[in-house]
Amino acid sequence: PIMVTITNRWLGLAAGLLAAAGCNEGGGEKDADAADQETGDVPPDFLLDLPDAADGDAAEEPRDATDAESPEDAEQEEEAPDVPPPPLPIGFWCGPPDAFISPERYAEVLGAGFNFLMPPCEGAPTAERNLLILDAAAEAGIRAWIGDGRMPMAVTGIPDATVRLDAIVADYASHPALAGYYVTDEPGAAAFAGLAEVVAYLRSIDPSHPAYINLLPNYATSEQLGTPTYREHVRQFLDVVRPEILSYDHYHFLVDGDRAGFFDNLAVVRELALLDGVPFWQIVLLTQHFSYRHLSEAELLWEAMHTLV
């Protein structure tokens with residue numbers, strides 16, 4: 001799957017492509033994001049507060065003669081430094097499996113154009129393995145999102161939940177290659193209250209590294225979503241969980257045809273992300289697996305470019 005991250009940072013929209021490679025010795029690959037993390041309480045560049053939705057849509061007010069720039073103003077503008085935008089986050093699901101956790105493999109990942117790693121989808125998500133991932137990532141010059149088997153899905157009702165979260169943060173927060181904490185994938189709405197507790201607690205003890213949760217697509221059933229409509233599902237997630245990233249997956253190209261709803265899914269997530277000033281990531285299909293077909297270059301471009309637009 002390719003994951004595309006959209007924000008309203010540049011010209012109303014900016015996007016990060018997150019590509020997912022195919023299964024590698026049992027490990028499927030999906031996409032995710034990472035970028036240089038800042039120390040202290042400042043989030044990484046691609047998670048900084050975004051302008052209000054209206055900022056990108058409001059028409060520019062007409063200017064009259066009194067609005068004309070003075071020569072001094074023009075000179076100051078010319079001398080202003082040309083600050084490049086932050087890099088677009090580009091990643092994949094799943095991370096290389098255990099046999100390929102190495103600086104050499106991660107250097108190949110970086111050389112292929114990715115700028116962060118997501119966790120492997122196979123094997124035990126232990127602290128020992130995660131530290132190997134982070135050390136190899138640091139040597140290769142790439143960031144990694146870490147999934148840990150101790151991660152609780154709520155704080156209320158789990159007596160040792162905060163102890164486990166404290167231990168997770170203690171193990172990884174100071175590592176220079178950490179991008180953030182993978183929490184869970186495709187939860188139903190019934191889980192949102194508990195996940196909100198986890199996200200809030202992680203933010204309180206490590207505000208520099210965001211928690212990551214990926215949502216269901218709009219072709220999930222109402223039973224899976226836990227809400228009557230998809231829009232309500234996404235709205236509730238934003239209101240309850242208060243994430244720093246709004247991420248979802250949508251796999252459009254089936255073996256026997258094209259699935260409906262790609263643009264509807266994109267429109268709902270984009271609209272709500274803009275309203276809340278939250279960057280969004282989209283995971284789209286890249287490699288053939290299950291009931292999904294092998295894609296042509298044109299189909300790959302179709303997914304990526306429509307999402308960027």
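Residues Arg231 and Val268 come closest through the heavy atom pair CA-CG1, 4.0 Å. Of all the heavy atoms in Asn218 and Gly261, the pair that sits closest is ND2-O, 3.0 Å. When all heavy atoms are compared, the tightest approach of Pro217 to Glu186 is CD-OE2, 4.0 Å. Nearest heavy-atom pair across Ile142 and Ala177 is O-CB, 3.9 Å. Pairing each heavy atom of Ala196 with each of Val240, the nearest pair is CB-O, 3.1 Å. Nearest heavy atom pair, residue Arg150 against residue Arg164, reads O-NE, 2.8 Å.
Between Phe262 and His306, the ring planes are perpendicular. Angles over 60° get that label, and only those under 30° would be called parallel.
Ser247 pairs with exactly one of Val278, Val269, Asn214 by the side-chain contact (heavy atoms from CB on, under 4.5 Å) rule, that one being Asn214. Checking each of Leu246, Leu238, Val234 against Asp276 for a side-chain contact (heavy atoms from CB on, under 4.5 Å) leaves exactly one that passes, namely Leu238.
Atoms CD1 and CG, on Ile133 and Asp98 in that order, are 7.5 Å from each other to the nearest 0.5 Å. Rounded to the nearest 0.5 angstrom, Met118 CE and Asp185 CG are separated by 8.5 Å.
The shortest side-chain heavy-atom distance between Gln236 and Thr227 falls under the 4.5 Å cut-off. Between Leu275 and Leu272 there is a side-chain heavy-atom pair separated by less than 4.5 Å. The shortest distance between side-chain heavy atoms of Leu117 and Pro96 falls below 4.5 Å. Side-chain contact between Leu266 and Phe280 is present, with at least one heavy-atom pair separated by less than 4.5 Å. A heavy-atom distance below 4.5 Å is found between the side chains of Phe237 and Ile213. Proximity of Gln288 to Leu295: side-chain heavy atoms (C-beta onward) are nowhere separated by under 4.5 Å. Looking at Arg143 and Asn115, their side chains never come closer than 4.5 Å, going by heavy atoms from C-beta outward. In this structure, the side chains of Tyr106 and Ile101 come closer than 4.5 Å at one or more pairs of heavy atoms.
Hydrophobic clustering (ILVMFWY, side-chain heavy atoms < 4.5 Å, transitive): Ile158 and Val241 are in distinct clusters. Cluster membership check: Leu285 shares its hydrophobic cluster with Phe290, using side-chain heavy-atom separations under 4.5 Å among Ile, Leu, Val, Met, Phe, Trp and Tyr. In this structure, Val163 is not a member of the same hydrophobic cluster as Val198, with clusters built from ILVMFWY side-chain heavy atoms closer than 4.5 Å. Both Tyr292 and Leu300 are assigned to one and the same hydrophobic cluster, defined by single-linkage of ILVMFWY side chains at heavy-atom distances under 4.5 Å.
Geometrically, Arg259 engages Tyr219 in a cation-pi contact, judged by NZ or CZ lying under 6.0 Å from the ring centre and within 45° of the ring axis.
No donor-acceptor contact under 3.5 angstrom links the side chains of Asn130 and Asp171, judged on distance only. In this structure, a donor-acceptor pair under 3.5 Å is present between the side chains of Tyr181 and Asp206. Side-chain atoms of Tyr172 and Asp148 include a donor-acceptor pair closer than 3.5 Å.
Under the 4.0 Å criterion applied to side-chain N and carboxylate O atoms, Glu232 and Arg235 are not assigned as salt-bridge partners.
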Practice item. Start with the C-alpha gap between Met153 and Leu195, add the side-chain angles, then the distance that decides, and say whether side-chain contact (heavy atoms from CB on, under 4.5 Å) holds. Key: CA-CA 6 Å; Met153 296 296 104; Leu195 293 173; 3.9 Å; yes

**Study point:** Worked verdict on Glu244 versus Tyr212 for side-chain contact (heavy atoms from CB on, under 4.5 Å)
**Key:** CA-CA 8 Å; Glu244 292 175 270; Tyr212 173 77; over 6 Å; no

Check your understanding: Would His252 and His250 count as a side-chain contact (heavy atoms from CB on, under 4.5 Å) if you check the C-alpha gap in whole Å, the side-chain angles of each, and the deciding distance to 0.1 Å?
Key -> CA-CA 6 Å; His252 178 70; His250 190 109; 4.2 Å; yes

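In terms of the side chain to side chain donor-acceptor pair (under 3.5 Å) criterion, residue partners of Tyr201 (sequence neighbours excluded) are, by chain and number, Asp166. Asp135 meets the side chain to side chain donor-acceptor pair (under 3.5 Å) test with His175; sequence neighbours excluded.
Arg293 places no side-chain N or O within donor-acceptor distance of the main-chain N or O of Phe253, the cut-off being under 3.5 Å. With hydrogens and angles ignored, the 3.5 Å screen pairs a side-chain donor or acceptor of Glu197 with a backbone N or O of Thr156.
If you look at Trp281 and Tyr248, their ring centroids are not closer than 6.0 Å. Close placement of the His233 and Phe192 rings is indicated, their centers lying within 6.0 Å of each other.
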